[in-house]
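Here the structure is laid out as structure tokens; the discussion comes afterwards.
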Amino acid sequence: GQQLNQSPQSMFIQEGEDVSMNCTSSSIFNTWLWYKQDPGEGPVLLIALYKAGELTSNGRLTAQFGITRKDSFLNISASIPSDVGIYFCAGLGGSNYKLTFGKGTLLTVNP
Amino acid sequence: DGGITQSPKYLFRKEGQNVTLSCEQNLNHDAMYWYRQDPGQGLRLIYYSQIVNDFQKGDIAEGYSVSREKKESFPLTVTSAQKNPTAFYLCASGASWYEQFFGPGTRLTVL
């Protein structure tokens, strides 16, 4: 089946630093989604990308849909303590119309 | 308030017992989904329903069953046939595959 490789698995950064994480796949996706999950809660949708090459921002978050349609990245600028959580990428399309999730990036921000 | 509710937040059951997890939404969404999350893993799709009285198996349906008798409700039963039932279960609803809004989750522990 389709798989997403999300990296890094975890990050420890200082407040104020910028963060970058990415997802890659051997399959083509038609939509890329980025979610954030707080401990013990459900994921919350941060950004949705629908076109190859698309660059979309949501406050301090910026995400891009790779031109090959096989990758996406998420950047967080000027991190703050409430950015702590697990960030998931998810892809839709390709061989079937089901969301495929990456394994997540655990972000820790030291104040 | 509009949203997705899952109850209970924490559930404990003895091995060999069936248990039903509740998921209700008042967002008027046609589609509803159940995912399982294990530590350090992405979300894996158990079952989904795109319309009332119809549902489809996801990637890990064995040992689970669902019903969709009402648009608002999509309960998941974890049966005794599920070999490793202890996990965090997430319900979602949406107008389409790329618009999935998650509930707060139920943590099931089988003793």
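Reminder, nothing fancy here: chain letters follow the sequence lines and each chain counts from 1.
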Donor-acceptor pairs between chain A and chain B under 3.5 Å, which ones?
unit_1, atom_1, unit_2, atom_2, d
A/Y35, OH, B/Q100, O, 3.1
A/Q37, OE1, B/Q37, NE2, 2.8
A/Q37, NE2, B/Q37, OE1, 2.9
A/G40, O, B/K9, NZ, 2.5
A/Y97, O, B/W97, NE1, 2.9

Is [Y] reachable from [X] through a run of hydrophobic residues whose side-chain heavy atoms are each under 4.5 Å from the next?
X	Y	value
B/L108	B/V66	yes
A/L61	A/V19	yes
A/I47	A/F73	no
B/F88	B/L21	no
A/F101	B/I60	no

Shortest non-hydrogen contact from B/L43 toward A/P43
CD2-CG, 4.2 Å

Between A/G40, A/A90, A/C89, which residue shows the highest count of heavy-atom pairs closer than 4.5 Å to chain B?
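With the most close heavy-atom pairs to chain B, the winner is A/G40.
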
Side chain from CB out, backbone as N, CA, C, O: work out which of these in B/L45 comes under 4.5 Å of a heavy atom of chain A, or both, or neither.
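Looking at B/L45, just its side chain touches chain A.
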
So the salt bridge (charged side-chain N to carboxylate O under 4.0 Å, His left out) pairs with at least one residue in residues 72-93 of chain A (sequence neighbours excluded) are A/R60-A/D83

Are there over 12 heavy-atom neighbours, none belonging to B/I51, within less than 6.0 Å of that residue's CD1?
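No, because the 6.0 Å sphere around CD1 of B/I51 holds 12 heavy atoms or fewer from other groups.
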
